[in-house]
Amino acid sequence: MATWGYGNDNGPATWVKSFPVAAGTRQSPIDIVPTAAKCDTKLTENPLTVNYSPEPAMELCNPGLSVKANIKSKSVIKGGPLEGEYKLEQFHLHWGSADKQGSEHTLNGKMFPAELHLVHYNATKYSSFGEAVDKPDGLAVFGIFLKISDKPHQGLKSLTDVLSEVQYKDKSINIKQEYNPVCLLPDNINKYWTYLGSLTTPPLCESVTWIVFEEPIEVSEDQMKAFRALCCGECGSAPIVDNYRPPLPLGNRQLRASFQ
Ligand SMILES: NS(=O)(=O)/N=C1/NCCS1
Ligand SMILES: [Zn+2]
């Protein structure tokens with residue numbers, strides 16, 4: 001079975017062959033049109049709460065189509081659109097070959113150079129990510145847009161400074177310094193859009209409550225170049241770039257906003 005990817009022969013348009021849910025009614029990402037979002041005060045009555053903990057030796061790996069950090073500590077979120085407590089499992093990114101593209105969600109049709117995903121599972125109802133991954137209320141993913149600035153993002157710098165050590169597929173290292181993923185969040189986490197969607201990579205399970213923050217985090221061009229130097233395979237293989245799925249129709253779904 002050909003493995004899925006982002007090329008012409010195995011990219012997003014081909015995924016439906018092996019993963020029919022790709023043609024489902026709650027797929028992600030979507031184009032976020034703020035004027036079409038319904039401001040829902042219930043989201044602010046029960047504010048989104050983040051309780052992340054430091055990771056003593058966070059594992060950073062190159063699974064071949066992104067770069068991923070696996071979380072072991074108890075880092076949890078609740079509130080906002082969520083019922084129960086969701087536990088951080090991992091985070092990873094999607095990025096472009098150039099600054100004009102790279103994000104999965106778009107904002108009024110505009111792509112950002114990259115998008116950071118912090119993936120949580122419903123630890124109140126399920127005992128593991130694997131059990132939660134295909135349940136309609138199983139997952140909650142933070143989507144954070146990255147934009148270019150002349151200063152590097154300090155929180156991401158601990159990672160971008162060592163990406164060369166996970167340049168090739170299946171390489172992994174431990175970030176020695178204690179690392180608290182809270183450093184990756186934008187300053188204002190009270191302004192977000194939320195909707196019911198899916199994983200944006202196979203198996204594309206329709207199990208994600210998406211929370212996409214309005215405020216991007218700012219990274220430097222050098223940090224973007226570090227992501228673009230990661231390789232899909234061993235030495236000499238193609239760079240990991242344009243690992244994003246284009247937006248799918250919102251359909252009958254309601255996009256809600258936590259702000260006016
Ligand atoms: N990009 S994403 O976060 O929606 N997709 C995932 N697939 C497996 C774990 S997270
Ligand atoms: Zn993702």
Side-chain angles (χ1 to χ4, degrees), residues 3-6 10-12 15-16 18-19 21-22 24-32 58-72 75 77 81-82 86-96 101-107 111-123 126 128-146 156 159 169-170 172 181 184-185 192-213 216-217 219 224 227 230 232 240-248 250 253:
T3 52
W4 64 269
Y6 296 92
N10 66 355
W15 294 350
V16 66
S18 299
F19 306 94
V21 73
T25 57
R26 62 170 278 190
Q27 289 290 295
S28 293
I30 61 167
D31 179 35
I32 292 172
M58 188 170 75
E59 188 200 3
L60 190 68
C61 65
N62 174 347
L65 292 169
S66 182
V67 61
K68 180 172 74 165
N70 295 310
I71 300 301
K72 296 185 180 68
S75 286
I77 61 174
L82 305 175
Y86 284 67
K87 184 171 182 287
L88 183 62
E89 171 80 8
Q90 54 109 314
F91 64 82
H92 63 272
L93 295 100
H94 305 259
W95 60 89
Q101 63 206 46
S103 66
E104 300 210 293
H105 290 90
T106 52
L107 188 55
M111 275 188 175
F112 287 80
E115 184 172 332
L116 166 63
H117 289 160
L118 293 121
V119 183
H120 312 75
Y121 73 90
N122 186 335
Y126 308 108
S128 69
F129 172 82
E131 185 193 353
V133 72
D134 63 350
K135 308 297 187 294
D137 58 356
L139 305 181
V141 183
F142 282 167
I144 302 174
F145 292 125
L146 272 62
L156 271 176
L159 310 182
K169 187 174 189 294
D170 298 332
S172 80
L184 296 173
L185 302 182
Y192 57 86
W193 298 281
T194 183
Y195 74 99
L196 297 181
S198 73
L199 298 177
T200 67
T201 66
L204 301 169
C205 303
E206 297 190 323
S207 58
V208 181
T209 298
W210 276 95
I211 296 170
V212 180
F213 294 106
I217 59 172
V219 300
M224 289 308 308
F227 287 115
L230 290 166
C232 295
I240 303 175
V241 290
D242 298 327
N243 55 347
Y244 60 86
R245 187 190 194 190
L248 286 303
L250 179 62
R253 290 177 283 183

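As the structure lists them, so they are numbered: ligands from 1, and atoms in each ligand from 1.
In this structure, H105 has its ring center under 6.0 Å from that of W210.
Shortest contact from atom 3 (O) of ligand 1 to any protein heavy atom: H92 CE1, 3.0 Å. Residue, atom and distance of the protein heavy atom nearest to atom 7 (N) of ligand 1 are T201 OG1, 3.0 Å. Ranking protein heavy atoms by distance to atom 4 (O) of ligand 1, first place goes to T200 N, 2.8 Å.
Contacts between V119 and ligand 1 below 4.0 angstrom, taking non-hydrogen atoms only, involve the side chain exclusively.
A parallel orientation is assigned to the rings of F112 and F145, their planes being inclined by less than 30° (bins at 30° and 60°).
Closest approach of A114 and S103 over heavy atoms only: O-CB, 3.9 Å. When all heavy atoms of E206 and T25 are compared, the closest pair comes out as OE2-N, 3.4 Å. Here the closest non-hydrogen pair linking A69 and L60 is CB-CD1, 4.1 Å.
The Zn ion (ligand 2) lies at the vertex of an angle of 110° between the NE2 atom of H94 and the NE2 atom of H92 (rounded to 10°).
Contact between W210 and ligand 1 is present, with at least one heavy atom of the residue lying under 4.0 Å from the ligand. Using a 4.0 Å cutoff on heavy atoms, Q90 counts as a contact of ligand 1.
In this model, no donor atom of one side chain and acceptor atom of the other lie less than 3.5 Å apart for S207 and Y121.
Once rounded to the nearest 0.5 Å, the distance linking CD1 of I144 with CZ of F213 reads 6.0 Å.
Set against the non-hydrogen atoms of H117, the atoms of ligand 1 under 4.0 Å away are 1 (N), 3 (O). The contact set between ligand 1 and H94, taken as ligand atoms under 4.0 Å from a residue heavy atom, comprises 1 (N).
Within H117, the N, O or S atom lying nearest to the Zn ion (ligand 2) carries the name ND1.
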